[in-house]
Amino acid sequence: MDKLKRRSDCPITLSLDIFGDKWTLLILRDFIFFDNRHFNQLVSVESISTNILTDRLNRLLANGIIKKEVDSNNRSAYLYSLTKKGLDLVPIVMDIYRWGANYTDKNNAEKDFKKKIDSDYDKTVEEIKDRLITTHNIVYK
């Protein structure tokens, strides 16, 4: 993948260049909350076009946020998984969820999950990370 010309060396700018567009955040959401890890699952959730999904997955792969492996249950399909680097995005995605649940009108935040986040945010993040470490087979050193 070609390296994009940097707009600046600001850590926020550089981070947003990797995962800051709407589609990439929704892909990360699906990995984290719904365990959608196959291409077709990711296409169907928000009706993302296949060329945009391919581009965003390639960007996440190139930056070491996800990995791609042949699915052991279906040798003709690929399974995408978070890496340790991707796992470290969980609190960011959780903060965006929490902010949206608190400040956007008529959202569909699950009441029990929102209550859990509000009452013990750190524990909830750790539970999600622990689940992902297991299901995504993340080597966390």
Atom pair [atom1]/[atom2] of [X] and [Y] - distance to nearest 0.5 Å:
X: T135; Y: R37; atom1: OG1; atom2: CZ; answer: 5.5 Å
X: N36; Y: N40; atom1: CG; atom2: CG; answer: 11.0 Å
X: L87; Y: I138; atom1: CG; atom2: CD1; answer: 4.5 Å
X: L53; Y: N58; atom1: CG; atom2: CG; answer: 9.0 Å

Between the side chains of [Y] and [X], is the shortest nitrogen-to-carboxylate-oxygen separation below 4.0 Å, so that they form an ion pair?
X: R59; Y: D55; answer: yes
X: E46; Y: R29; answer: yes
X: E110; Y: K115; answer: no
X: D120; Y: K116; answer: no
X: K114; Y: D118; answer: yes

Check whether any side-chain heavy atom of V139 lies under 4.5 Å from a side-chain heavy atom of K84, and answer yes or no. no
Heavy-atom side-chain proximity of L26 to L42 below 4.5 angstrom: no
Do the side chains of [X] and [Y] join up, straight or via other hydrophobic residues, at under 4.5 Å, putting them in one cluster?
X: L89; Y: L61; answer: yes
X: V125; Y: F113; answer: yes
X: L16; Y: I18; answer: no
X: L25; Y: L14; answer: no
X: I96; Y: I128; answer: yes

Side-chain donor/acceptor of [X] to backbone N/O of [Y], under 3.5 Å:
X: S81; Y: K67; result: no
X: T83; Y: G86; result: yes
X: K85; Y: N63; result: yes
X: D30; Y: I27; result: no
X: T134; Y: D130; result: yes

Take D88 and K129 through the test side chain to side chain contact (heavy atoms under 4.5 Å, CB included) and record every step on the way to the result. CA-CA 9 Å; D88 287 344; K129 288 174 91 173; 4.0 Å; yes
Can you list the steps and then say if I65 with L28 is a side chain to side chain contact (heavy atoms under 4.5 Å, CB included)? CA-CA 10 Å; I65 294 169; L28 291 169; 4.2 Å; yes
Tell me, please, which residues at least two apart from I52 pass side-chain contact (heavy atoms from CB on, under 4.5 Å). W23, I48, S49, R56
List the residues meeting side-chain contact (heavy atoms from CB on, under 4.5 Å) with T50, not counting sequence neighbours, and say none if there are none. F39, V43
Shortest non-hydrogen contact from A101 to N107? O-ND2, 3.2 Å
Would you name the heavy atoms of L82 and I32 that are closest together and state the gap between them? CD1-CG1, 4.0 Å
Verify whether one side chain among D35 and H136 offers a donor that lies under 3.5 Å from an acceptor in the other. yes
Compute whether any side-chain donor of one residue and acceptor of the other, for T54 and N51, lie under 3.5 angstrom apart. no
Run E126 and K123 through side chain to side chain contact (heavy atoms under 4.5 Å, CB included) and show every step you take. CA-CA 5 Å; E126 286 309 309; K123 182 180 177 190; 5.8 Å; no
Check whether Y121 forms a cation-pi arrangement with R98 (NZ or CZ under 6.0 Å from the six-membered ring centre, at most 45° off the ring normal). yes
Could K68 and Y80 be counted as a cation-pi pair, given that NZ or CZ must be under 6.0 Å from the ring centre and within 45° of the axis? no
Could you walk me through whether L132 and F31 pass the side chain to side chain contact (heavy atoms under 4.5 Å, CB included) check? CA-CA 9 Å; L132 292 169; F31 285 143; 5.8 Å; no
Look at atom CG of N74 and say whether more than 12 heavy atoms of other residues, nucleotides or ligands are closer to it than 6.0 Å. yes
Please assess R75 against D71 for the test salt bridge (Lys or Arg N to Asp or Glu O under 4.0 Å), listing each intermediate value before the final yes or no. CA-CA 6 Å; R75 305 294 292 162; D71 185 348; over 6 Å; no
